[in-house]
Amino acid sequence: MDLPLTIRQILALEPTGQKVEIRGWLRTKRETKNAIFLEVNDGSCLRNIQCVLGTESPQRASWENLLPRLTTGASIIAQGNLVPSPAKGQAAEVAVESLRIIGDAPADTYPLQKKAHSMEFLREIAHLRVRTNTFGAIARVRNRMAFAIHQFFQERGFYYVHTPIITASDCEGAGAMFQVTTLDLDALAQAGKPVDYDKDFFGKKAYLTVSGQLNVETYCQALSRVYTFGPTFRAENSNTTRHLAEFWMIEPEMAFADIRDNIALATDFIQYLVAVALRDCASDLEFFDQRIQPGLLASLEKVVSSPFTHMTYTEAVRELEKAAGSFEFKPFWGCDLQSEHEKYLTEKVAGGPVVVTDYPKEIKAFYMKQNEDGRTVAAMDVLVPRFGEIIGGSEREWRLDLLEKRIDELGLSKDAYRWYLDLRRFGSTPHAGFGLGFERLLLYITGMTNIRDVIPFPRAPRLADF
RNA sequence: UCCCCUGUAGCUCAGCUGGCAGAGCAAGUGGCUGUUAACCACUGGGUCCGGUGUUCGAGCCACCGCGGGGGAGCCA
């Protein structure tokens, strides 16, 4: 099947007067005495194509009565000839011969205007905001990055594993969970009856996953190199510009690998994705650089070409203590790194991404490999300028006795982790992996500042419209 | 969940010490011009978030509620 050409494809043609058909949505109309200019966009690229209605043309009668309906947002199909443009601003344009309006967008009710809108306003019309330059560009970058993630791992021998969305174990340990149930809670409450989860769909409590890591580790211990890429859910009451209740996470896991391999993988991964974005989303990134985040391109280019700064947690704290006076929270060994600390490390100390390793075991998860010093674990976070943590990962504790001991210390249930402990009981290997928040990656690459703007339909506390 | 800011025309905002509701953009009309964030002129457009109170009088002050934004924590 030959699909009709998109505006992106048409703009790549040499204009020689060939017949073309434009299908898209009208962005603006400019009327002059001799010509009427329509800017048409179909989302295939940032650029519009200029369609020209000659007021002296013999076809004038066919579109003249449509003029009042050629408003911002209307969908149209225009046929004509692709010709070199006599004016500056575009190399080619369409000399329209026939024009149809497919769907009207009445100016008195269509919310998008021929002017800039605030992100706050556009968030209220998430179903229409993708028709703007900014959100179209975000959608294209998001698409390219999702594809590049698969390319990166596939090229390196990683297998894509579909870990479950629904989980009946509440031991994933990454935060508050959304409960999933088919019980009629309203009826039970009205009848004053207690909830009996034996009667629930799964015969026990079930939740939406907060992380695919524990499940993907099982496949890691058979396929060696694996990754998940799917939605995850956190029921935390987080109201920030970098948290969502529903977000997409990439979690690779490598067998026979240690924290050094993990750092190398994470670094290569980020540099690969940024390089792809710079190469394949050039005009969209240029738009972000001009309109959203000045300096974005320069900083992304630097990320690709320079090695990431690496420091241990202990070194990081030492660095922070030198500037202790400038912080609201005084840094000390054993403290969790605050937002202001992460910003300082990336923006002031490193001037780019920073890999921080070997955190105190008290502030990290039970499954992380314990270091010889007895006080730290082989954890690895990648922090970036502007918003901090983008990757969290570690080498995993692969020794059964040490893992069981840590589970006991933290008062967790060994029974709940039975299958996870089996991975250490049978053919255990050193292994390591990390989680990358997809939307945080997109914030970093687009220069957008609110995570609710880089996912089509954001979910957050009291926010589940559309 | 905590702290701070905020809610006025379709959008972005101004509105002083409480005294007749304003601007820019958008829209409509007309003009001009191969225009391109088009330009010029005119016109229309308001439950000042909701409620209660104070006052001769509330967009403005007080209280309660709701919405939006930013920051913090949790994390990706």
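So you know, we letter chains A, B, ... as the sequences are listed, proteins then strands, and number each from 1.
The six-membered or imidazole ring of Y207(A) lies away from that of F233(A), with a centre-to-centre distance of 6.0 Å or more. Aromatic ring centroids of Y159(A) and Y219(A) lie 6.0 Å or more apart.
The two residues Q213(A) and Y367(A) come nearest to each other via the heavy atoms OE1-OH, 3.0 Å. Across V377(A) and Q370(A), no two heavy atoms sit closer than the pair CG1-CA, 4.1 Å.
Here C75(B) presents its P atom at 16 Å from CE of M380(A), a figure rounded to the nearest Å. Summarising the geometry, the separation between CG on L70(A) and C1' on A27(B) is reported as 16 Å, rounded to the nearest angstrom. The NZ atom of K29(A) sits 12 Å away from the C1' atom of A27(B) (whole-angstrom rounding).
Within the 4.0 angstrom heavy-atom criterion, base atoms lie near E93(A). Contact annotation for L244(A): base contact, defined as any heavy-atom pair under 4.0 Å involving a base atom. Heavy atoms of K114(A) sit under 4.0 angstrom from primed sugar atoms or phosphate atoms, though from no base atom. Contacts of E31(A) with the nucleic acid, taken as non-hydrogen atoms under 4.0 Å apart, include base atoms. Base engagement by A87(A) is indicated by at least one non-hydrogen atom pair under 4.0 Å involving a base atom. Heavy atoms of E340(A) sit nowhere under 4.0 angstrom from any nucleic acid atom. Counting any heavy atom pair closer than 4.0 Å across all strands shown, T71(A) reaches no nucleic acid atom. Heavy atoms of N450(A) sit under 4.0 angstrom from primed sugar atoms or phosphate atoms, though from no base atom.
To the nearest whole angstrom, the two C1' atoms, one in A23(B) and one in A14(B), are 7 Å apart. Using atom P as the reference point in both U52(B) and U12(B), the two lie 28 Å apart (nearest Å).
Among residue pairs with one or both ends in residues 445-466 of chain A, those qualifying as ring pair (Phe, Tyr, Trp, His ring centres under 6.0 Å) are H127(A)-F466(A); sequence neighbours excluded. Sorted by first and then second residue, the pairs that involve residues 71-118 of chain A and meet ring pair (Phe, Tyr, Trp, His ring centres under 6.0 Å), not counting sequence neighbours, are H117(A)-F121(A). Among residues at least two apart or in separate chains, there is no ring pair (Phe, Tyr, Trp, His ring centres under 6.0 Å) pair with a member in residues 84-103 of chain A.
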Requested in this report: Walk me through it: do E14(A) and T16(A) pass the test side-chain hydrogen bond (donor to acceptor under 3.5 Å, both in side chains)?
Outcome: CA-CA 6 Å; E14(A) 188 69 31; T16(A) 58; over 6 Å; no

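Look at R234(A) and you won't find any side-chain N or O under 4.0 angstrom from OP1 or OP2 of C75(B). At U35(B), none of the side-chain N or O atoms of Q50(A) fall inside 4.0 Å of OP1 or OP2 (strictly under the cut-off). Between R123(A) and the phosphate of G69(B), there is a side-chain N or O to OP1/OP2 separation shorter than 4.0 Å. When the side-chain nitrogen and oxygen atoms of S339(A) are compared with OP1 and OP2 of A72(B), one or more of them lie within a distance under 4.0 Å. Contact between the side-chain N/O atoms of T240(A) and the OP1/OP2 oxygens of G70(B) is not found at any separation under 4.0 Å.
Between the side-chain ring of F438(A) and the base of A76(B), no stacking contact exists by the 5.5 Å and 30° definition.
Below the 3.5 angstrom threshold, one finds no donor paired with an acceptor across the side chain of N34(A) and the base of U35(B). The base of C66(B) has none of its N or O atoms less than 3.5 Å from a complementary donor or acceptor on the side chain of R462(A). Judged by distance alone with a 3.5 Å cut-off, no donor-acceptor contact links the side chain of R242(A) to the base of A76(B). In this model, no side-chain donor or acceptor of E39(A) finds a partner on the base of U35(B) within 3.5 Å.
With a 6.0 Å cutoff to the six-membered ring centre and a 45° limit on the axis angle, R156(A) counts as a cation-pi contact of F152(A).
For D104(A), the side-chain hydrogen bond (donor to acceptor under 3.5 Å, both in side chains) partners two or more places apart in sequence, or in a different chain, are R69(A).
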Please list, for nucleotides 4-15 of chain B, all pairs of protein and nucleotide N/O atoms separated by less than 3.5 Å.
residue	atom	partner	partner atom	Å
G10(B)	O2'	Q113(A)	NE2	3.4
G10(B)	N2	Q113(A)	OE1	2.9
G10(B)	N3	Q113(A)	NE2	2.8
C11(B)	O2'	K115(A)	NZ	3.3
C11(B)	O2	K115(A)	NZ	3.0
U12(B)	OP1	S118(A)	OG	2.9

Query - Pair pattern of RNA chain B in dot-bracket, where unpaired bases get dots and | marks partners in another strand, Watson-Crick or G-U under 3.5 angstrom - result: (((((((..((((.....[..)))).(((((.......))))).....(((((..]....))))))))))))....

